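For reference, the structure discussed in these notes is given below.
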Amino acid sequence: MASFNQAGIRPVAISVDKPEVSRDLMQKAGYTFTFLSDPNVEVIRRYDLVHAGAGENGHDIARPAEFLIDSTGTVRWLNLTENYWVRARPGDILDKAKLLQQ
Amino acid sequence: MRKFNWPLWVGFLLALLAAFSYFAFFVQFPVTRDFPWVNLLLFLLAAILLFIGMRRGFARNRAHPTRSKIVTSFVTILSVVVIAFFIFAIFIAGRWLPASTGAPHVGQKVPEFTLSDSNNRQVSLNQLMSEPMEGKAPKGVLLVFYRGWW
């Protein structure tokens, strides 16, 4: 987290979880970055990241995805994993963040 | 006259441990999560022990040959189911993800949005990109979409 701060990159987590659920998660895991709630899958749908029926009781949820966006709102790097168990590593993301150093 | 077929039971427990330890522990670390090599090694060890246990269980010098064969077959099949479930969950079910071909590409602008944060405060992407971090404007934002706990 400190290294993201140093790199000037603001991490933002987005899921269908309600704000209370995110607050619990942040407290338990000690996360201090922003967590956003998209319970109606609106933004997740706009980004074409809906995993239909994959949540509890067949609810739609987000598939795992990471986007590195520069200050103009342009995507500089993204990761759409093909396997749920394989994720981007913070070190790799920080490497890509060097693309944004101006 | 051998009584307790320890390789069979240790093999079975090891197979259970190999599957369980991934979800409970090894998933936390990228090196053991992205490819579950620790768990596959544990499964290999379990398979070797199960093989030895199976040979023992089917040996003619058992005290109760029929019972031994039934127990050995049952434990072996159960272990194979555990191993198959793990391989299926990680390498097959893990790939059941939408293609997301409409997701923003490199070089494209992402759609603006406003959502509630964990304190029920409305936050927009513009705000996230301009609000200072430690006194400086951020160079960028990392959007991390995740499945959540629902």
Side-chain angles (χ1 to χ4, degrees), chain A residues 4-5 7-17 19 21-23 25-26 34-38 42-44 46-52 54-56 59 61-78 80-87 89 93 97 100-102, chain B residues 22-23 27 30-31 33-36 89-134 136-150:
Chain A
F4 277 96
N5 270 337
I9 304 297
R10 168 172 282 142
V12 179
I14 303 169
S15 77
V16 294
D17 283 348
V21 179
S22 300
R23 210 181 309 146
L25 173 67
M26 289 169 74
T34 308
F35 277 70
L36 299 178
S37 288
D38 186 14
E42 285 162 21
V43 174
I44 294 165
R46 223 178 296 158
Y47 279 66
D48 193 21
L49 301 171
V50 179
H51 194 169
E56 204 176 27
H59 282 302
I61 58 170
R63 56 115 75 225
E66 296 89 27
F67 298 85
L68 186 62
I69 294 156
D70 68 16
S71 52
T72 70
T74 307
V75 180
R76 300 295 289 269
W77 171 86
L78 81 157
L80 292 169
T81 184
E82 286 182 358
N83 187 326
Y84 167 69
W85 301 104
V86 183
R87 305 289 177 78
R89 302 181 184 189
I93 297 173
L100 272 63
Q101 312 295 325
Q102 303 114 342
Chain B
Y22 180 80
F23 304 102
V27 77
V31 234
R33 176 200 57 205
D34 288 353
F35 185 78
I90 303 301
F91 295 102
I92 299 170
R95 301 182 71 90
W96 291 345
L97 290 172
S100 300
T101 45
H105 299 303
V106 171
Q108 270 184 343
K109 287 219 172 196
V110 294
E112 167 66 14
F113 59 78
T114 303
L115 289 171
S116 305
D117 72 3
S118 54
N119 297 315
N120 278 308
R121 198 173 57 116
Q122 292 289 104
V123 179
S124 72
L125 180 60
N126 267 332
Q127 242 172 298
L128 292 164
M129 292 201 296
S130 51
E131 247 173 45
M133 287 170 80
E134 297 184 341
K136 282 181 283 184
K139 293 198 173 101
V141 169
L142 178 71
L143 295 180
V144 178
F145 290 86
Y146 68 107
R147 294 162 58 94
W149 302 100
W150 325 311

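Reckoned from all heavy atoms, side chains included, excluding hydrogens, waters and symmetry mates. Since this is a predicted model, take the numbers as computed values, not measurements. Numbers restart at 1 for each chain; the letters A, B, ... are given by sequence-line order, proteins then strands.
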Does any part of the side chain of B/Leu128, heavy atoms only, come nearer than 4.5 Å to the side chain of A/Leu36, both counted from C-beta? yes
Residue A/His51 versus chain B: region with a heavy atom under 4.5 Å: both
I need the residue from B/Glu112, B/Lys109, B/Met133 with the largest number of non-hydrogen atom pairs under 4.5 Å to chain A. B/Met133
Select, from A/Tyr84, A/Tyr47, A/Phe4, A/Phe35, the one with the greatest count of heavy-atom pairs under 4.5 Å involving chain B. A/Tyr47
Between B/Pro111, B/Ala137, B/Gly102, the one whose heavy-atom pairs under 4.5 Å with chain A are most numerous: B/Pro111
Is a side-chain donor-acceptor pair under 3.5 Å present for B/Gln122 with B/Ser116? yes
For the backbone of B/Ala89 and the side chain of A/Trp85, can you confirm whether one donor and one acceptor N or O come within less than 3.5 Å of each other? yes
Answer with side chain, backbone, both or neither: which region of A/Thr34 has an atom nearer than 4.5 Å to a non-hydrogen atom of chain B? side chain
Interchain contact, A/Leu80 with chain B, by part (heavy-atom threshold 4.5 Å): side chain
Verify whether one side chain among B/Ser124 and B/Asn126 offers a donor that lies under 3.5 Å from an acceptor in the other. no
Please look at A/Arg89 and chain B and tell me whether the side chain, the backbone, both or neither of the residue comes under 4.5 angstrom of a heavy atom of that chain. side chain
Given side chains that start at C-beta, do those of A/Glu56 and A/Val16 come closer than 4.5 Å, heavy atoms only? no
Tell me which of these, B/Pro138, B/Ala93, B/Ala103, B/Ala99, has more heavy-atom pairs under 4.5 Å with chain A than the rest. B/Ala103
So which part of B/Phe35 gets closer than 4.5 Å to some heavy atom of chain A, the side chain, the backbone, both or neither? neither
Mind checking the CG-CD1 spacing from A/Asp70 to A/Ile9? Nearest 0.5 Å is all I need. 9.5 Å
Given 3.5 Å as the limit, does a donor-acceptor pair link the side chain of A/Thr74 with the main chain of B/Gly107, or not? no
Please rank B/Val106, B/Asn119, B/Thr114 by heavy-atom pairs under 4.5 Å with chain A and give me the top one. B/Val106
A/Pro64 backbone acceptor or donor facing A/Arg87 side chain under 3.5 Å: no
Looking at B/Ile90, B/Asn120, B/Val27, which one has more heavy-atom pairs under 4.5 Å with chain A than the rest? B/Ile90
For chain B, find which of A/Arg63, A/Arg23, A/Glu66, A/Met26 contributes the most heavy-atom pairs closer than 4.5 angstrom. A/Arg63
Choice from A/Ile14, A/Thr72, A/Val86 maximising heavy atom contacts with chain B below 4.5 Å: A/Ile14
Where does B/Leu125 contact chain A at under 4.5 Å (heavy atoms): side chain, backbone, both or neither? side chain
Under a 4.5 Å heavy-atom cutoff, which of A/Leu78, A/Ile93, A/Asn5 has the most pairs with chain B? A/Asn5
